[in-house]
Amino acid sequence: MNKVIEKLIRPEIRALSAYHVPPADGLIKLDAMENPYPMPEALRRDWLAALQGAALNRYPEPSGEQVRVALREAMAIPDSQSILLGNGSDELIQILAMAVGEGGVIMAPEPSFVMYRMIATLTGMTFAELPLRPDDFSLDLPEALARIERHAPKLIFLAYPNNPTGNHWARADIERILEAAPGLVVLDEAYEPFADDSFLGDLDRYDNLLVMRTLSKFGLAGLRLGYLVGAGAWLNEFDKIRLPYNINTLTQISAAFALRRHEVFREQAGRIRADRAALFEALDNLPGLEVFPSAANFILFRTPQGRAEAIHAALLEQGVLIKKLDGGHPLLRDCLRVTVGTPDENRRFLEALRGAMG
Ligand SMILES: Cc1ncc(COP(=O)(O)O)c(C=O)c1O
C-alpha cells in the first residue's frame, strides 16, 4: 500500500500536511478571525423565511447572479468591473493559480496567509517570498523589486491588511509593485471590514490589478463565499476553471439576504474595531509583551523569549483558544495571535493571559 501511494501521489503533495483546524468545542474561540456576533434574532426570522423558498431539488443558479448584484450594491463595486464568486476566497486563489500554472512563480510576502504557498505547491508552481522587515513587517521594497525582476512571477498576492501581522503595506510600495510586476497582482482584502483603505477604487488605473475579498470576516464564515473583482477580460478566463455550481443555493440565498442588510454587519465590524483598540491597549499594558498595531480583527503579539508555547497551552487549559505562530516563520518567533471577540470573551482572554504570564 505505502509503495503504491509513493508511486501515485506527487512527492510535493506527500510532503505537505493537510490544513489543520484544532478542535474548539467548549472553548472561547479566538483563533480563526471569525466575527463573534451571530446574525441578530430579528434578521434570523426573515432569513429563515427566505430560505424556505430554496429549490433544493434543482442545481443552484450557475453564476450567483443575485449575489453579484447585491455585492455590487453593498460594496460599491464600480460598473466598469466584473465579479467572480468562489467557495471562499481560498477557491479563488486556487482558480487563479490553475489559470496561470503549471510552472512559473507565485510570490507573496512572508509571513502571510499560508494558502498562497500551499496552493502554489498544489498547482505545480514555485513559491517565492517577498521579504518583510523584522521590526514592523513592512515590505522591504528594494529587495522585493529585485526579486520580482529575478523571478518574473505570474501572480503576486498581497494581503491588505496582512494576516497574521495585521499591518497594511505602504500604499506607495504597492503601487511600485503594481508598476514593476510582469504578471497579475491580487490585493487580498479579506480584512476590509476592519480596515481604512482599499484598492477597489484603483482597479481602473491598473490593468494587472485584481481585488479579492470574502464574506468570512464580515460575519458569514459558515457560508463560504469569496469574490474577485477585476476586468471582465481576466475574469472570463478564470470563470472557465470554476467548477459548475460552486456556490450552493443556501449560500446564494443567505448571502444575497445578508448583503441587502449589510449595515447590520458593518455595525458589528465597527464594534469589533472599537474593541480591537481596547484589547490592544490592555495587551500593550501587560509587561513583557510586544504588541503589533492591527488594521484587521486580530492582534499579533510577542511573548517573552521562549514562552509562547507554554502561554498558549496555559490559555487552552483555561478554555481559551488562540493561534500559536511561534515555530512557523522565523519573523514570528515567540508570537501568538488573538482574534478580537466579544467584550466578555476579550476580558476572559486577558484574565487567562495575565494568569499564564505569572
Ligand atoms: C488574508 C486572507 N485571505 C483569505 C482568507 C480565507 O478566506 P475564505 O474564508 O474566504 O476562504 C483568509 C483567512 O483567514 C485570510 O487571512
Side-chain angles (χ1 to χ4, degrees), residues 18-22 24 29-36 64 67 71 75 83-97 106-120 122 127 130 132 137 139 155-169 174 185-195 197-200 210-229 242-243 246-248 251-252 254-255 258-259 265 269 272 292 294-300 321-325 328-329 332 335 337-340:
Y19 188 82
H20 173 65
V21 180
K29 190 172 183 322
L30 300 176
D31 66 328
M33 288 83 82
E34 292 144 325
N35 172 341
V67 179
L71 271 173
M75 305 296 168
I83 305 170
L84 182 73
L85 303 181
N87 191 313
S89 34
D90 292 346
E91 189 190 38
L92 292 169
I93 301 169
Q94 188 180 39
I95 287 175
L96 286 160
I106 290 183
M107 291 186 95
E110 285 222 314
S112 188
F113 185 40
V114 292
M115 291 308 286
Y116 307 142
R117 181 188 277 276
M118 187 152 175
I119 288 174
L122 295 177
F127 183 85
L130 289 168
L132 298 183
F137 305 114
L139 278 165
L155 275 175
I156 296 176
F157 287 100
L158 296 171
Y160 188 76
N162 188 40
N163 167 24
T165 56
N167 60 311
H168 268 142
W169 323 120
I174 295 182
V185 179
V186 183
L187 265 283
D188 179 348
E189 297 187 352
Y191 299 97
E192 171 274 335
F194 318 101
D197 193 30
S198 164
F199 274 76
L200 203 58
L210 299 169
V211 171
M212 185 172 72
R213 290 188 181 170
T214 175
L215 295 192
S216 294
K217 318 299 171 184
F218 193 65
L220 300 163
L223 291 185
R224 307 300 298 133
L225 190 87
Y227 60 104
L228 188 67
V229 186
R242 187 175 63 86
L243 291 175
N246 64 330
I247 312 298
N248 73 72
T251 291
Q252 289 194 32
S254 306
L259 286 164
F265 298 87
I272 293 166
F292 296 95
S294 171
N297 64 339
F298 57 82
I299 295 176
L300 181 77
L321 177 63
I322 67 168
K323 179 82 175 174
K324 180 171 80 68
L325 294 160
H329 195 277
L332 297 175
C335 282
R337 183 194 65 201
V338 62
T339 305
V340 181

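When a ligand or atom number is given, it counts from 1 through the structure's own listing order.
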Parallel, tilted or perpendicular, as decided by the 30° and 60° cut-offs, for the rings of Tyr116 and Phe157
parallel
Lys323, NZ: over 12 other non-hydrogen atoms inside 6.0 angstrom
no
For Gly88, the ligand 1 atoms with a heavy-atom partner under 4.0 Å come out as 10 (O), 11 (O)
Without swapping roles, check the side chain of Glu192 against the backbone of Ser198 for a donor-acceptor pair under 3.5 Å.
no
Using a 4.0 Å cut-off to any heavy atom of Tyr191, which atoms of ligand 1 qualify?
1 (C), 13 (C), 14 (O), 15 (C), 16 (O)
Do me a favour and list the nearest non-hydrogen protein atom to atom 2 (C) of ligand 1 with residue, atom name and distance?
Asp188 OD2, 3.4 Å
Protein heavy-atom partner closest to atom 7 (O) of ligand 1 - residue, atom, separation in Å
Ser89 OG, 3.0 Å
Could you report the tightest heavy-atom contact between Asn162 and Pro111, atom names first, then the distance?
ND2-O, 2.9 Å
For Ala190, which part has a heavy atom under 4.0 Å from ligand 1: side chain, backbone, both, or neither?
side chain
Give the single entry among Lys217, Arg224, Met33 that approaches atom 13 (C) of ligand 1 most closely by any heavy atom.
Lys217
Is the distance from the ring center of Phe298 to that of Phe194 below 6.0 Å?
no
For the residue pair Asn163 and Arg337, confirm or rule out a side-chain donor-acceptor distance under 3.5 Å.
yes
Out of all atoms in ligand 1, which are within 4.0 Å of some heavy atom of Ser216? Include the element for each.
8 (P), 9 (O), 10 (O)
